Number of protein chains: 2
Amino acid sequence: MNIGEVSGRSGLPTKTIRYYEDIGLIHPNRSGNGYRAFSETDLHKLVFLGRARALGFSIEDCRTLLALYEDDSRESAQVKAVAQGHLAQIDAKIAQLRSMRETLSTLVASCQGDNRPDCPILRDLAGAADDQK
Amino acid sequence: MNIGEVSGRSGLPTKTIRYYEDIGLIHPNRSGNGYRAFSETDLHKLVFLGRARALGFSIEDCRTLLALYEDDSRESAQVKAVAQGHLAQIDAKIAQLRSMRETLSTLVASCQGDNRPDCPILRDLAGAADDQK
DNA sequence: ATAGGGCTTCCAGTAACTGGAAGCTCAAGG
DNA sequence: CCTTGAGCTTCCAGTTACTGGAAGCCCTAT
């Protein structure tokens, strides 16, 4: 399989696939003409990577997960630990965004949004202390 | 004021302050010795930037907001539009994270996390199709 | 022979800093 | 007066995970 076909089947851009090879996530063979020659196994790994990335795992997490995937003597606890760590980070991120969202939506609601210069949003940014008026 | 004092008063690292000057967000004067000489106005701008960044606005949004802040003839509608745009992005991000969180927490819950190799998380990553068994 | 599309590599840029190196300035102590 | 150390300066590189673009080879069809 050439890179174009693998790209179509995995849903990953060719650029990304080459990048994954660069950083050592996959190791496709080469044909005589210098083209990458992907095996079904390579394709499966790319699909795996695509799914893991879609769930927000970092590349380094993906590297770990892929190694575990290929290690028949892995313990599922190792996989679970990685996933739980990532889940905790997602929760932290969500909490942070919710906090921002709350402040921001309050500010947006308090702004008239008309042609006058007075704006509670700017007032808040200029100094949280100046709450009122 | 030297950069150290401004850093302390604004809560921003000196590195960040220099970076903000590099990209043209602030324009502090220079003393005879080559040190940056910050005015109270510079400090206020930095506090403004720190708050805006804390709310997740991009640097480019910050640039826009700062310009509006300094423009006495601004219309609050302009500010509100920027804030609403950002709010929409935050909502999109939260939705994405929640979706990831849901999938991931289901997977984590289904994994025994023991010393055996069998793992539903890896099974899912390897191909969403292989749901059961 | 030539045109095109796919493949190759390599370089640069993205967002917003952060760390580190080399070197100048300033205030205090001996 | 000299030294020491903190604080300041600039510049370069690295971070994350790609993405775009340039220059050029390969293969197939006309």
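If you're wondering where the values come from, they're calculated on a predicted model, not measured in any experiment. By convention in this document, chain letters (A, B, ...) are assigned in the order of the sequence lines, proteins followed by strands, and residues within each chain are numbered from 1.
The interatomic distance linking B/Asn33 (CG) with D/dA6 (C1') rounds to 14 Å, in whole Å. Atom pair A/Tyr19:OH and C/dT9:P shows a separation of 16 Å (rounding to whole Å applied). Per the geometry, CZ belonging to A/Phe57 stands 15 Å off P belonging to D/dC18, to the nearest Å. Counting to the nearest Å, the P atom of C/dT9 and the CD1 atom of A/Ile17 are 13 Å from each other. Rounded to whole angstrom, the span from the CG atom of A/Asp22 across to the P atom of D/dT16 amounts to 16 Å. Here the P atom of nucleotide D/dC18 and the CZ atom of A/Arg63 are 12 Å apart, to the nearest Å. The CG atom of A/Leu25 sits 13 Å away from the C1' atom of D/dC18 (whole-angstrom rounding). Taking atom CZ on B/Arg36 and atom P on D/dC8, their separation rounds to 10 Å, with Å as the unit.
Panel note: side chain B/Thr106, backbone B/Glu102; a donor-acceptor pair is recorded below 3.5 Å. Side chain of B/Arg74 to backbone of A/Pro117: a donor-acceptor contact under 3.5 angstrom is found.
In this structure, a donor-acceptor pair under 3.5 Å is absent between the side chains of A/Asn29 and A/Ser39. With hydrogens and angles left out, the side-chain atoms of B/Asp61 and B/Thr64 include no donor and acceptor closer than 3.5 Å. A donor and an acceptor atom, one from each side chain of B/Asp118 and A/Ser76, are nowhere located under 3.5 Å apart.
Distance from the side chain of A/Ile59 is smallest for D/dC18 among the nucleotides D/dC18, D/dG7, C/dC7. The side chain of B/Ser58 lies closest to C/dA16 when the candidates are D/dG20, C/dA16, C/dC7. Considering only the side chain of A/Lys15, D/dG21 comes nearest among D/dG21, D/dC26, D/dC11.
At least one side-chain nitrogen or oxygen of A/Arg30 sits closer than 4.0 Å to the OP1 or OP2 atom of C/dT9. OP1 and OP2 of D/dA17 both lie 4.0 Å or more from every side-chain N or O belonging to A/Tyr20.
Within the nucleic acid shown, B/Arg18 comes within 4.0 Å of at least one base atom, counting heavy atoms only. Residue contacts shown for B/Ile23 are absent, as no nucleic acid heavy atom lies under 4.0 Å away.
Each of B/Thr16 and A/Gly4 was matched to the nucleotide of DNA chain C holding its nearest heavy atom; the match closer to the 5' end belongs to A/Gly4.
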